[in-house]
Amino acid sequence: MAAIASLQAIHLKLGRRGSGSIRCGISEPSGEPAPIGQKTRYNDGLAERVFMGLFARKMDKFGGSKKKNEMKEKGFWDYDYESFVEVSKRVMQGRSRTQQQEVVREVLLSMLPPGAPEQFRKLFPPTKWAAEFNAALTVPFFHWLVGPSQVIEVEVNGVKQRSGVRIKKCRYLENSGCVGMCVNMCKIPTQDFFTNEFGLPLTMNPNFDDMSCEMIYGQVPPAFEDDPATQQPCLADICSMSNPSSPICPKLQA
């Protein structure tokens with residue numbers, strides 16, 4: 001929790017803030033994500049580069065072999081969003097879906113001081129308030145990773161609460177173009193981390209048609225085999241690793 005709090009403090013000091021949603025340094029004239037079929041242009045600032053460098057360097061330890069012209073270790077400020085996504089792709093290579101998810105779990109745990117999950121459980125038991133607080137925290141903290149989002153009202157166990165987050169057009173999915181990366185390296189490990197490590201249930205529902213995503217804090221995620229996201233075919237038009245003949249993304253089957 002201390003690591004999250006310190007990074008959040010950096011963002012609040014350096015990042016841009018809005019009322020209800022974050023523009024995330026989008027350089028589109030409209031200030032909104034680009035239409036489907038076009039890649040959104042971002043103008044990442046210091047805070048965003050801090051997050052990218054921190055996470056990418058952690059992930060790079062699991063990234064496998066590199067091309068000869070990439071053998072020189074990158075400096076902290078050498079990472080941008082595209083290189084962060086490339087690191088994620090290397091992590092996928094030669095690993096099963098469960099191994100990919102375990103890598104993300106280890107990276108997330110490495111960001112926290114010892115005992116942080118236990119402290120989180122004490123500070124944020126699975127209540128409506130905790131779910132709503134973490135939804136509000138997600139909008140500024142994760143904007144560098146997923147793009148602009150906003151808190152929305154959802155229903156959890158018959159109770160309406162503002163513990164939902166709607167991501168307008170996920171930057172990670174947009175740049176990777178890979179269903180398997182979305183599910184194995186974002187959705188499932190993030191759900192599991194909050195639900196099992198932090199004790200606060202979280203369900204993520206990506207929409208592969210418009211690249212939006214809904215996060216619901218307080219809602220227990222479904223089992224892998226019951227989750228519609230795990231039955232998705234490749235995004236053949238944009239994924240360089242796609243297999244159009246397969247009814248389900250191969251990265252979700254291994």
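Here, residue 1 is the first one in the sequence, and each next residue gets the next number.
- For the pair P233 and P247, the minimum side-chain heavy-atom distance is 4.5 Å or more.
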Kindly determine whether N134 and L202 satisfy side-chain contact (heavy atoms from CB on, under 4.5 Å), including the steps that lead there.
CA-CA 10 Å; N134 278 274; L202 169 66; over 6 Å; no

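- The pair R121-E118 fails the salt-bridge criterion, with no side-chain N (NZ, NE, NH1 or NH2) lying under 4.0 Å from an Asp/Glu carboxylate O.
- A ring pair (Phe, Tyr, Trp, His ring centres under 6.0 Å) check over residues 215-250, counting only residues at least two apart or in different chains, returns the pairs F194-Y217.
- Between P148 and P33, the closest heavy-atom pair is CG-CG, 3.8 Å.
- For R162, the side chain to side chain contact (heavy atoms under 4.5 Å, CB included) partners two or more places apart in sequence, or in a different chain, are E132, V151, E153.
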Report all side-chain donor-acceptor pairs from residues 181-189 shorter than 3.5 Å, counting only partners two or more places apart or in another chain.
from, atom 1, to, atom 2, distance (Å)
N184, OD1, Q101, NE2, 3.4
N184, ND2, Q100, OE1, 3.3
N184, ND2, G180, O, 3.4
N184, ND2, K251, O, 2.8
K187, NZ, Q191, OE1, 2.7
K187, NZ, M204, O, 2.5
K187, NZ, D227, OD2, 2.7

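- Side-chain atoms of S83 do not come within 3.5 Å of backbone N or O of Y79 as any donor-acceptor pair.
- S110 and V107 make their closest contact through OG-O, 2.6 Å (heavy atoms, listed as atom of the first residue, atom of the second, distance).
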Check the pair F55, L145 against side-chain contact (heavy atoms from CB on, under 4.5 Å), reporting the backbone distance first and the verdict last.
CA-CA 10 Å; F55 275 81; L145 176 62; over 6 Å; no

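- Across every non-hydrogen atom of P126 and G199, the tightest pair is CB-O, 3.7 Å.
- Clustering ILVMFWY residues whenever any of their side-chain heavy atoms sit less than 4.5 angstrom apart, transitively, puts W129 in the very cluster that holds M215.
- Separation of atoms CD1 (I26) and CG (N43) is listed at 11.0 Å; rounding is to 0.5 Å.
- V220 belongs to no hydrophobic cluster, as no Ile, Leu, Val, Met, Phe, Trp or Tyr side chain comes under 4.5 Å of its own.
- When all heavy atoms of W144 and E48 are compared, the closest pair comes out as CB-CG, 3.9 Å.
- Residues meeting the side-chain hydrogen bond (donor to acceptor under 3.5 Å, both in side chains) test with T203, sequence neighbours left out: none.
- Applying the side-chain hydrogen bond (donor to acceptor under 3.5 Å, both in side chains) test to every pair with at least one member in residues 235-246, sequence neighbours left out, gives these pairs: N243-S245.
- Side-chain heavy atoms closer than 4.5 Å link hydrophobic residues (I, L, V, M, F, W, Y) into clusters, and following such links, possibly through other members, connects L112 to F133.
- Contacts of Y81 classified as ring-ring contact (aromatic ring centres under 6.0 Å, His included), with partners at least two apart in sequence or in another chain: F84.
- For R105, the side-chain hydrogen bond (donor to acceptor under 3.5 Å, both in side chains) partners at least two apart in sequence or on another chain are E102, E197.
- Between E28 and R41, at least one side-chain N (NZ, or NE/NH1/NH2) sits under 4.0 Å from a carboxylate O, which counts as a salt bridge.
- Both F193 and L200 sit in one connected hydrophobic cluster of ILVMFWY residues. Membership requires side-chain heavy atoms under 4.5 Å apart, directly or through other members.
- Nearest heavy-atom pair across V139 and H143 is O-CB, 3.5 Å.
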Verify side-chain contact (heavy atoms from CB on, under 4.5 Å) between M59 and R90, making sure each step is shown before the conclusion.
CA-CA 9 Å; M59 293 282 287; R90 291 205 308 273; over 6 Å; no

Would you sort out whether S163 and V156 count as a side-chain contact (heavy atoms from CB on, under 4.5 Å), showing the intermediate values?
CA-CA 9 Å; S163 67; V156 179; 4.1 Å; yes

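- Judged as a side chain to side chain contact (heavy atoms under 4.5 Å, CB included), and not counting sequence neighbours, the contacts of Q231 are I248.
- Residues meeting the side-chain hydrogen bond (donor to acceptor under 3.5 Å, both in side chains) test with Q219, sequence neighbours left out: none.
- Taking hydrophobic clusters as Ile, Leu, Val, Met, Phe, Trp and Tyr residues chained together by side-chain heavy-atom distances below 4.5 Å, V85 shares a cluster with F51.
- Note on F120: it clusters hydrophobically with V165, by side-chain heavy-atom contacts below 4.5 Å among ILVMFWY residues.
- Shown here are the side-chain hydrogen bond (donor to acceptor under 3.5 Å, both in side chains) partners of E174, two or more places apart in sequence or in another chain: T40, K169.
- Residue V159 shares its hydrophobic cluster (ILVMFWY side chains chained together at separations under 4.5 Å) with no other residue.
- The minimum heavy-atom distance linking S212 with R166 is given by the pair CB-NH2, 3.8 Å.
- V103 pairs in a side-chain contact (heavy atoms from CB on, under 4.5 Å) with only one of the listed residues (R95, M92, K58), which is R95.
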